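Below: one structure, written as structure tokens.
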Amino acid sequence: MKALILNGSPHNNGDTAFVINKVKERFPSDTEFDEINAYKDDIKPCIDCRYCWKNEGCSIKDNMAVILKDDYDVLIIASPIYISYVTPPLFSVFTRLNYIWSNKYFLNISNNMKKKKGILILVGGGNGSPDNAIDISVKTFKKLNAEFDLQKDYIYSLNTNTLPTKDDEEIINQIDRTISHILN
């Protein structure tokens with residue numbers, strides 16, 4: 001089994017990293033993980049060059065190729081919540097999937113991504129709703145052909161300003177429930 005993690009956190013040891021590491025621990029030991037860190041890896045946002053209106057794929061050649069290689073069975077989207085949204089660099093990664101819609105609409109080329117499973121991890125403090133982050137993540141799962149069930153595949157810790165994720169007793173239950181669903 002192989003999993004791809006799209007990590008939207010700027011912190012190596014923050015709440016998002018804590019949850020990612022706990023999720024990785026719950027997978028079988030032979031699971032292979034690739035990770036894209038939206039802050040550190042070279043993935044540029046869509047520049048609306050319209051290449052994909054007339055050509056298959058995207059004109060920008062960068063680490064987006066890891067995502068588009070489509071050789072993983074599980075897609076994990078993980079992000080802190082910034083103003084009720086995923087972090088801006090992670091959103092920029094998501095914008096690059098615009099070519100899938102454009103290829104279909106303008107060229108009648110369908111997305112042939114293999115079926116996979118999706119996991120969403122959101123952490124954050126404050127009083128902002130995670131709804132926008134959930135919405136864009138669900139759209140991203142659809143573009144990449146990842147099955148996602150909000151009731152079973154969503155891991156969250158949304159009070160980190162008062163309760164660090166590592167102290168959130170419910171987070172391990174959420175992780176165990178989600179991994180059990182993904183593996184069955």
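Predicted model, so just to flag it, every value in this text is computed and none were measured.
- The closest side-chain heavy-atom distance from Val74 to Phe27 is below 4.5 Å.
- Here the closest heavy-atom approach between residue Cys52 and residue Leu107 is recorded as O-CD1, 3.9 Å.
- Looking at Lys40 and Asn63, their side chains never bring a donor and an acceptor atom within 3.5 Å of each other.
- In terms of heavy-atom proximity, Pro130 sits nearest to Ile81 at CB-CD1, 3.6 Å.
- The cluster map of Ile, Leu, Val, Met, Phe, Trp and Tyr, joined by side-chain heavy atoms under 4.5 Å apart, puts Tyr85 and Ile121 in different clusters.
- Counting heavy-atom neighbours within 6.0 Å of Asn21 CG, excluding the residue itself, gives a total above 12.
- Judged by distance alone, with hydrogens and angles left aside, the side-chain atoms of Asp73 form a donor-acceptor pair with the main-chain N or O of Lys2 at under 3.5 Å.
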Worksheet item: Does the side chain to side chain contact (heavy atoms under 4.5 Å, CB included) test come out yes or no for His11 and Tyr39, once each step is laid out?
Response: CA-CA 9 Å; His11 303 291; Tyr39 279 89; over 6 Å; no

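- Nearest heavy-atom pair, Ile100 versus Lys143, reported as atom, atom and distance to 0.1 Å: CD1-O, 3.6 Å.
- For the pair Ile67/Val93, a side-chain contact is recorded, criterion being any heavy-atom separation below 4.5 Å from C-beta on.
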Worksheet item: Can you check side chain to side chain contact (heavy atoms under 4.5 Å, CB included) on Leu122 and Ser79, steps first, answer last?
Response: CA-CA 5 Å; Leu122 295 176; Ser79 183; 4.3 Å; yes

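- From Asn12, atom CG reaches atom CG of Asn37 across 7.0 Å, with rounding to the nearest 0.5 Å.
- Counting only distance, with no hydrogens or angles, the side chain of Ser92 and the backbone of Pro88 share a donor-acceptor pair below 3.5 Å.
- When the side chains of ILVMFWY residues are joined at heavy-atom separations under 4.5 Å, either directly or via intervening members, Val138 and Ile182 end up in two distinct hydrophobic clusters.
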Item to complete: Please assess Thr178 against His181 for the test side chain to side chain contact (heavy atoms under 4.5 Å, CB included), listing each intermediate value before the final yes or no.
Response: CA-CA 5 Å; Thr178 298; His181 179 249; 5.7 Å; no

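- Put simply, CD1 on Ile119 and CD1 on Ile76 are 4.5 Å apart, with the number rounded to the nearest 0.5 Å.
- With rounding to the nearest 0.5 Å, the separation of OG1 in Thr165 from CG in Leu158 is 9.0 Å.
- Counting heavy atoms from C-beta on, the side chains of Arg50 and Lys54 never come closer than 4.5 Å.
- At a threshold of 4.5 Å between side-chain heavy atoms, the hydrophobic network of Ile, Leu, Val, Met, Phe, Trp and Tyr places Phe94 and Tyr51 in two separate groups.
- Within the 4.5 Å cutoff, the side chain of Val23 has no heavy atoms near those of the Arg26 side chain.
- Between the side chain of Lys166 and the backbone N or O of Leu163 there is no donor-acceptor pair closer than 3.5 Å.
- To the nearest 0.5 Å, the span separating CG on Leu6 from CD1 on Ile20 amounts to 9.5 Å.
- Side-chain contact between Val66 and Ile43 is absent, with no heavy atoms from C-beta onward closer than 4.5 Å.
- Summarising the geometry, atom CD1 belonging to Ile179 is positioned 14.5 Å from atom NZ belonging to Lys152; distances are rounded to the nearest 0.5 Å.
- Judged by distance alone, with hydrogens and angles left aside, the side-chain atoms of Asp62 form a donor-acceptor pair with the main-chain N or O of Lys44 at under 3.5 Å.
- Ser102 contributes no side-chain N or O that, together with a main-chain N or O of Tyr99, makes up a donor-acceptor pair within less than 3.5 Å.
- Formation of a donor-acceptor pair under 3.5 Å by the Thr87 side chain with backbone atoms of Gly8 is found in this model.
- Note on ring orientation: taking the six-membered ring where Trp is involved, the planes of Trp53 and Phe106 are parallel (angle under 30°, cut-offs 30° and 60°).
- Under a hydrophobic-cluster definition in which Ile, Leu, Val, Met, Phe, Trp and Tyr are linked whenever side-chain heavy atoms come within less than 4.5 Å, directly or via other members, Ile5 and Val86 are assigned to different clusters.
- Between Lys117 and Asp153 there is no salt bridge, since no side-chain nitrogen of the basic residue lies less than 4.0 Å from a carboxylate oxygen of the acidic one.
- The backbone N or O of Ser129 lies less than 3.5 Å from a partner atom in the side chain of Ser84, making a donor-acceptor pair.
- Annotation: Lys69, atom NZ; neighbour count of heavy atoms from other residues, nucleotides and ligands within 6.0 Å does not exceed 12.
- The two residues Leu97 and Met64 come nearest to each other via the heavy atoms CD2-CE, 3.5 Å.
- Side-chain atoms of Asn103 never come within 3.5 Å of backbone atoms of Asn108 as a donor-acceptor pair (strictly under, hydrogens ignored).
- A 4.5 Å side-chain heavy-atom check between Tyr72 and Leu144 finds at least one atom pair inside the cut-off.
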Worksheet item: Step by step, would you call Ile77 with Leu90 a side chain to side chain contact (heavy atoms under 4.5 Å, CB included)?
Response: CA-CA 9 Å; Ile77 296 173; Leu90 186 58; 4.1 Å; yes

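- With values rounded to the nearest 0.5 angstrom, Lys116 atom NZ is found 10.5 Å from Glu147 atom CD.
- The shortest heavy-atom contact between Ser157 and Asp168 is OG-OD2, 3.0 Å.
- No side-chain donor-acceptor contact under 3.5 Å links Asn111 to the backbone of Asn145.
- With contacts defined as side-chain heavy-atom distances shorter than 4.5 Å, the pair Val19/Tyr156 does not qualify.
- The backbone N or O of Ser9 lies less than 3.5 Å from a partner atom in the side chain of Asn7, making a donor-acceptor pair.
- In this structure the side chain of Leu68 never reaches within 4.5 angstrom of the side chain of Arg96, judged on heavy atoms.
- In plain terms, the two heavy atoms of Thr16 and Ala78 that are nearest each other are CG2-CB, 3.8 Å.
- A 6.0 Å sphere centred on CD of Glu25 holds more than 12 heavy atoms belonging to other residues, nucleotides or ligands.
- Cluster annotation: Ile155 is not connected to Ile136 through the hydrophobic network of ILVMFWY side chains, with a link wherever side-chain heavy atoms come within less than 4.5 Å.
- Every residue meeting the ring-ring contact (aromatic ring centres under 6.0 Å, His included) condition with Phe148, not counting sequence neighbours, appears here in chain and number order: Phe141.
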